[in-house]
There are 4 protein chains.
Amino acid sequence: MKLPDIKLFITDIDGVWTDGGMIYGSNGVELKKFITADSAGVLLLKLLHIPTAIITGEETRMVSDRAEKLQIRHVFQGIRNKVACAEKLIQNLGVSLEETAFIGDDLNDMNLLSLVGLSACPENAPDYVKRIVDWPLPVRGGDGVFRFFVEKYLNETGRLEEALSRSGNFFSDQEGV
Amino acid sequence: MKLPDIKLFITDIDGVWTDGGMIYGSNGVELKKFITADSAGVLLLKLLHIPTAIITGEETRMVSDRAEKLQIRHVFQGIRNKVACAEKLIQNLGVSLEETAFIGDDLNDMNLLSLVGLSACPENAPDYVKRIVDWPLPVRGGDGVFRFFVEKYLNETGRLEEALSRSGNFFSDQEGV
Amino acid sequence: MKLPDIKLFITDIDGVWTDGGMIYGSNGVELKKFITADSAGVLLLKLLHIPTAIITGEETRMVSDRAEKLQIRHVFQGIRNKVACAEKLIQNLGVSLEETAFIGDDLNDMNLLSLVGLSACPENAPDYVKRIVDWPLPVRGGDGVFRFFVEKYLNETGRLEEALSRSGNFFSDQEGV
Amino acid sequence: MKLPDIKLFITDIDGVWTDGGMIYGSNGVELKKFITADSAGVLLLKLLHIPTAIITGEETRMVSDRAEKLQIRHVFQGIRNKVACAEKLIQNLGVSLEETAFIGDDLNDMNLLSLVGLSACPENAPDYVKRIVDWPLPVRGGDGVFRFFVEKYLNETGRLEEALSRSGNFFSDQEGV
């Protein structure tokens, strides 16, 4: 497979950045568990000037807070029709579907997974999702599968070493302690 | 095994929709972790007009909130005698025990598991539960075993493709972003 | 090994009833995750009139709340010297160390594990704990290892069927729904 | 490999003392899950008069609270440049980099991992981290990898038995219950 030149990574949240868990509390609170590994995927892309976008069917403060922490600007929540949302976004950014990567895991991701230039899903996605993606990945949702997706793409296109090198300089250049 | 024509899915919660975890807080809060995968099971059944019912021995706001989110109308909490509860429900819905599927995992589920037309339990149920169910499933509680149960039934009765097709249309028909 | 006639089960909490996890919040809350499977162990013992006691080095509301939920009367928290605590308890209950079972997993459990009539630890205890117990069990802490310990003991002493039978009657005798 | 005489253990937090999970709540709360096993590592070192220090890129109350609970005095949070922070600390403590052990798992740990006398990472660290450490350990982050690191070092330098013996006396010497 000749890999497209990806200029935008779009990611689902539940089941990708999380293990699909939705934690409910007796006081009405809801919790989601993210993993710091995925933030490294966002950082490596950023060091190469490739933006990350979030498109999710749910609408929660947890995703807003996580996106703000990781300085992700393109965040779309409460989206029922992910294809329509993605098409508007790529138009605004001036990229094509062929230059877009998307990782999702479930029923409401299938239409968009079929359209993008590079599609992926976690190891524990249903078989009927795995069959339609380019890369069914060997990492479960919530266990760093977004980072794995990013690093696999960078590695196969020969850019991982450059990203890691920039990361090393990024941290050693920080002032003081 | 000739599969019955199931017209109602009943599910236990703790150990089925969750891994059995009951998270307690120093401020008195209690938490339960659900998984979004199971909501796909509810959706696929709904697209085929098969209702889902919850019967659980515990009584918590978390289950009420989760049921409301997934638009499940038949929710019975704090139930000590699940057989008596199920018999009343199926009478109201006009279905038979033979047309009812039930998934549970523990001591208080065993009586009802022995009576329904199709019974199942998660991979990590005790051996004495596994021995009495039709389908001891290969998925752990809290890891999407309810969805697995639903999809296995739909697949073996030849209706999974239809449900997935309806799901695809359901999401692509949503208005805008 | 000839099994002693156990008249008291003592259990550690962290690493046994939990996976050792101590969840801290930015608002100062602390959380522990119990598992409903272990409550079945307490119930089966209760149906055979064998009490369960908790001895733990930590001191938290979560353990008090869990013990109250499961109607466990003998709860000792904040215990640094578990041997001294256990000796006082068995004296009060009129049982001997030989008639006492204890499951623990860590440094502060080792002295007591060496003294009781039947000792056990979870699969993920350190090797130096596993070497000193009668039963290094094949279940991890927080995954139902207390229940497993109870059921293994009941099974090997020929009383599991009786306990399960009493449990079936217990639930079918409950009034209404 | 001839092991250096370690006089200071430095540890990262996220991905080492935790599985990397960052749990966000709809009320703005953030949670981290520690594991009691790692506290045994701190205790064993303390019984041998070897201090533990924390250096982490994040800055949260959860780490402050955990450090206070375990009586760890050297806690550095919000650190972007871990090398600069560590160099200042070892100067203050009068030890050398060669006498320092460090366990970390990610991009911002790599520079420091390359400099210390004994470096380690969890099993689930990225391959490019595993390649630069002395000991890629067979335990995942959040599953007691810090304790494993400490005990492996003590074992290979012949001091584990002494530490365990001191621990046994520590608990049996506690007053009353």
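In what follows, chains carry the letters A, B, and so on, assigned in the order in which the sequence lines appear, proteins first and then strands, with residues in each chain numbered from 1. These numbers were taken from a predicted model, which means no experiment stands behind them.
Here the closest non-hydrogen pair linking Asn27(C) and Arg61(D) is C-NH1, 3.6 Å. In terms of heavy atoms, Gly28(D) sits closest to Ser26(C) at O-OG, 4.4 Å. Contact detail for Gly168(D) and Asn111(C): the closest heavy-atom pair is O-ND2, 3.5 Å. Scanning all heavy atoms of the two residues, the minimum distance from Asp106(C) to Ala37(D) falls at OD2-CA, 4.5 Å.
At a threshold of 4.5 Å between non-hydrogen side-chain atoms, the residues Leu31(D) and Val29(C) count as touching. Leu107(C) has its side chain within reach of Phe171(D): a pair of non-hydrogen atoms, C-beta onward, lies under 4.5 Å apart. Tyr24(C) places a side-chain heavy atom less than 4.5 Å from the side chain of Arg66(D). Within the 4.5 Å cutoff, side-chain heavy atoms of Pro126(C) are placed close to those of Arg147(D).
For Asp19(C), the parts sitting under 4.5 Å from any heavy atom of chain D are the backbone and the side chain alike. With a 4.5 angstrom heavy-atom cutoff, Ile55(C) does not touch chain D via any of its atoms. With a threshold of 4.5 angstrom between heavy atoms, Phe170(D) approaches chain C through side-chain atoms but not through N, CA, C or O. Using a 4.5 Å cut-off between heavy atoms, Glu87(C) makes no contact with chain D at all. Residue Met22(C) touches chain D through both its backbone and its side chain, counting heavy-atom pairs closer than 4.5 Å. Only the side chain of Tyr128(C) comes within less than 4.5 Å of a heavy atom of chain D; its backbone N, CA, C and O stay farther away. With a 4.5 angstrom heavy-atom cutoff, Asn108(C) touches chain D via backbone and side-chain atoms both.
Between chain C and the residues Asp38(D), Leu43(D), Asp65(D), Leu164(D), the largest count of heavy-atom pairs under 4.5 Å involves Leu164(D). Contacts with chain C were tallied for Thr60(D), Asp143(D), Ile35(D); Ile35(D) has the most, counting heavy-atom pairs under 4.5 Å.
The pair Glu30(C)-Lys69(D) does not meet the salt-bridge criterion, since no charged nitrogen lies less than 4.0 angstrom from a carboxylate oxygen.
Other residues, nucleotides and ligands place no more than 12 heavy atoms under 6.0 Å from the CD atom of Glu68(C). Under a cut-off of 6.0 angstrom, the local environment of CD in Gln71(C) is sparse, with at most 12 non-hydrogen atoms contributed by other residues, nucleotides or ligands.
Between the CD atom of Glu58(C) and the OG atom of Ser39(D) there is a distance of 7.5 Å, given to the nearest 0.5 Å.
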